[in-house]
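Notes follow once the structure below has been shown.
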Amino acid sequence: MKGHRWFAAVYDRMTAPAERGFMKDIRKELAGGASGRVLEIGAGTGANFAYYEDGLEVVATEPDPYMLRRAEARAAESKARIDLKQAPAAKLPVEDASFDTVVGTLVMCSVDDQAEALAEVRRVLKPTGEYRFFEHVRYENPIGGLSQTLIAPLWGWCGAGCHPNRKTVDSIRDAGFEVSRVEVTMPTPPIPPMLFTRPHALGFATPASG
Ligand SMILES: C[S@@+](CC[C@H](N)C(=O)[O-])C[C@H]1O[C@@H](n2cnc3c(N)ncnc32)[C@H](O)[C@@H]1O
């Protein structure tokens with residue numbers, strides 16, 4: 001991946017208000033509760049790294065070299081042991097069934113192909129493993145969903161390939177996961193601007209047996 005130099009440069013400043021607000025609790029729950037051998041996908045600038053437990057071994061992957069450079073600084077400050085690798089979610093450089101936990105926050109909006117990326121998450125998780133995710137998703141309301149689709153080209157251009165209109169929880173189920181818990185926040189009104197009012201899904205999924 002060539003990467004998105006400017007998106008990476010402004011990302012932390014752009015997301016700072018959300019990080020000071022609701023995101024810190026989400027990261028505390030998802031990353032703070034991660035255990036065993038942990039893999040993070042699309043780690044970005046490393047916003048989850050401060051929340052992992054002391055001494056936890058985390059392999060953190062990120063394909064964008066500009067994001068990765070910023071993540072290196074956060075990895076050095078983390079109390080967890082972060083092993084950073086440059087890789088897309090659809091091609092993880094790790095063995096089958098080798099992780100207890102996969103963490104992904106705000107990633108499935110950006111991957112090229114959700115089915116491929118989720119198949120990789122499933123491949124690398126142990127049968128007893130858990131995928132912990134937080135994603136912005138498509139409105140269930142048809143007007144909201146249509147507005148997201150209409151704004152998608154501009155949104156993607158401004159957001160380094162981000163898709164605002166994906167049914168990510170459905171994709172997770174379709175990829176062979178059982179979603180054990182999911183909390184979906186659907187703000188109203190279901191219309192743009194979506195900068196501050198995107199619907200989100202926070203959830204926990206395990207590989208379905210069979
Ligand atoms: C909105 S940012 C989220 C970053 C971070 N996970 C967070 O919670 O702040 C989306 C991230 O997904 C990464 N990304 C884009 N395409 C990807 C892919 N194919 N596989 C994995 N990550 C990807 C981007 O480089 C970016 O770091």
Side-chain angles (χ1 to χ4, degrees), residues 1-34 38-52 58-75 77-78 80 82 84-94 99 101-124 131-137 152 155-166 168 171-172 175 194-196 198-203:
M1 185 196 245
K2 255 177 65 194
H4 296 88
R5 182 195 293 260
W6 293 110
F7 187 70
V10 300
Y11 187 75
D12 285 340
R13 259 168 287 172
M14 193 171 70
T15 55
E19 293 296 333
R20 284 194 298 270
F22 68 100
M23 278 308 292
K24 63 177 183 308
D25 290 335
I26 286 159
R27 296 192 190 284
K28 203 182 287 178
E29 177 161 18
L30 293 185
V38 178
L39 175 81
E40 181 171 343
I41 53 170
T45 59
N48 284 321
F49 296 173
Y51 296 87
Y52 289 118
V58 179
V59 175
T61 58
E62 164 58 47
D64 185 317
Y66 301 106
M67 286 285 193
L68 203 61
R69 198 177 306 154
R70 288 173 165 77
E72 275 164 13
R74 283 223 173 101
E77 288 165 7
S78 175
I82 312 277
L84 265 176
K85 294 184 190 295
Q86 184 171 8
K91 211 168 176 198
L92 297 169
V94 295
F99 286 88
T101 309
V102 173
V103 174
T105 52
L106 304 169
V107 179
M108 286 297 151
C109 53
S110 297
V111 300
D112 303 326
D113 184 319
Q114 284 194 328
E116 278 182 17
L118 288 163
E120 270 295 87
V121 172
R122 201 171 161 188
R123 178 184 71 77
V124 305
Y131 171 37
R132 305 167 78 91
F133 61 90
F134 179 72
E135 297 290 345
H136 65 84
V137 294
W155 186 269
W157 188 79
C158 297
C162 173
H163 298 76
N165 56 342
R166 288 180 162 173
T168 300
S171 303
I172 292 171
M194 294 176 295
L195 209 50
F196 305 109
R198 280 172 285 173
H200 287 105
L202 175 144

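Since this is a predicted model, take the numbers as computed values, not measurements. In listed order, ligands and their atoms are each counted from 1.
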Atom 10 (C) of ligand 1: nearest protein contact (heavy atom, Å):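 Going by distance alone, atom 10 (C) of ligand 1 is nearest to Leu106 O, 3.2 Å.
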For ligand 1, is there an N or O atom under 3.5 Å from any N or O atom of Gly42?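 Indeed, backbone or side chain, Gly42 has an N or O that close.
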What do you reckon, does Ala89 have a nitrogen or oxygen under 3.5 Å from a nitrogen or oxygen of ligand 1?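 Between Ala89 and ligand 1, an N or O pair is found under 3.5 Å apart.
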Should [X] be listed as contacting ligand 1, given a heavy-atom distance under 4.0 Å as the test?
| X | answer |
| --- | --- |
| Val111 | yes |
| Met1 | yes |
| Tyr11 | yes |
| His4 | no |

Please work out whether any backbone atom (N, CA, C, O) or any side-chain heavy atom from C-beta onward of [X] is under 4.0 Å from ligand 1, and answer side chain, backbone, both or neither.
| X | value |
| --- | --- |
| Pro63 | side chain |
| Glu62 | side chain |
| Ala43 | backbone |
| Met108 | neither |

Of the choices Ala160, Ser110, Ala71, which has the non-hydrogen atom that lies closest to atom 15 (C) of ligand 1?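 Going through Ala160, Ser110, Ala71 one by one, Ser110 has the nearest heavy atom to atom 15 (C) of ligand 1.
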Relative to each other, are the rings of Phe7 and His4 parallel, tilted or perpendicular (30° and 60° limits)?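 The arrangement is perpendicular - the two ring planes meet at more than 60°.
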Which atoms of ligand 1 sit under 4.0 Å from any heavy atom of Asp64?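 Answer for ligand 1: 25 (O).
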Contact atoms of ligand 1, heavy-atom distance to Thr105 under 4.0 Å: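 So the atoms of ligand 1 that pass are 3 (C), 5 (C), 6 (N), 7 (C), 8 (O).
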Would a line drawn from the ring center of Phe49 to the ring center of Tyr51 be shorter than 6.0 Å?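 Phe49 vs Tyr51: aromatic centres not under 6.0 Å.
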Check whether any side-chain heavy atom of Pro65 sits under 4.5 Å from a side-chain heavy atom of Lys2, and report yes or no.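 No, side chains not in contact.
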Salt bridge or not for Arg74 and Glu77, using N-O below 4.0 Å?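 No salt bridge links Arg74 with Glu77.
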Looking at CZ of Phe134 and OG1 of Thr168, how far apart are the two atoms once the value is rounded to the nearest 0.5 Å?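 Phe134 atom CZ to Thr168 atom OG1 measures 11.5 Å (nearest 0.5 Å).
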Taking every non-hydrogen atom, the tightest pair across Leu92 and Glu120: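 Smallest interatomic distance, heavy atoms only, reads N-OE2, 2.8 Å.
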What is the minimum heavy-atom distance between Cys162 and His136, and which atoms define it?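 Scanning both residues completely, I find the closest heavy atoms to be SG-NE2, 3.3 Å.
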Side-chain donor-acceptor pairs of residues 103-111 under 3.5 Å, sequence neighbours excluded:
unit_1, atom_1, unit_2, atom_2, d
Thr105, OG1, Arg27, NH1, 3.3
Thr105, OG1, Asn48, ND2, 3.0

Starting from the C-alpha separation in whole Å, work towards a yes-or-no answer on side-chain contact (heavy atoms from CB on, under 4.5 Å) for Tyr52 and Glu40. CA-CA 11 Å; Tyr52 289 118; Glu40 181 171 343; 2.6 Å; yes
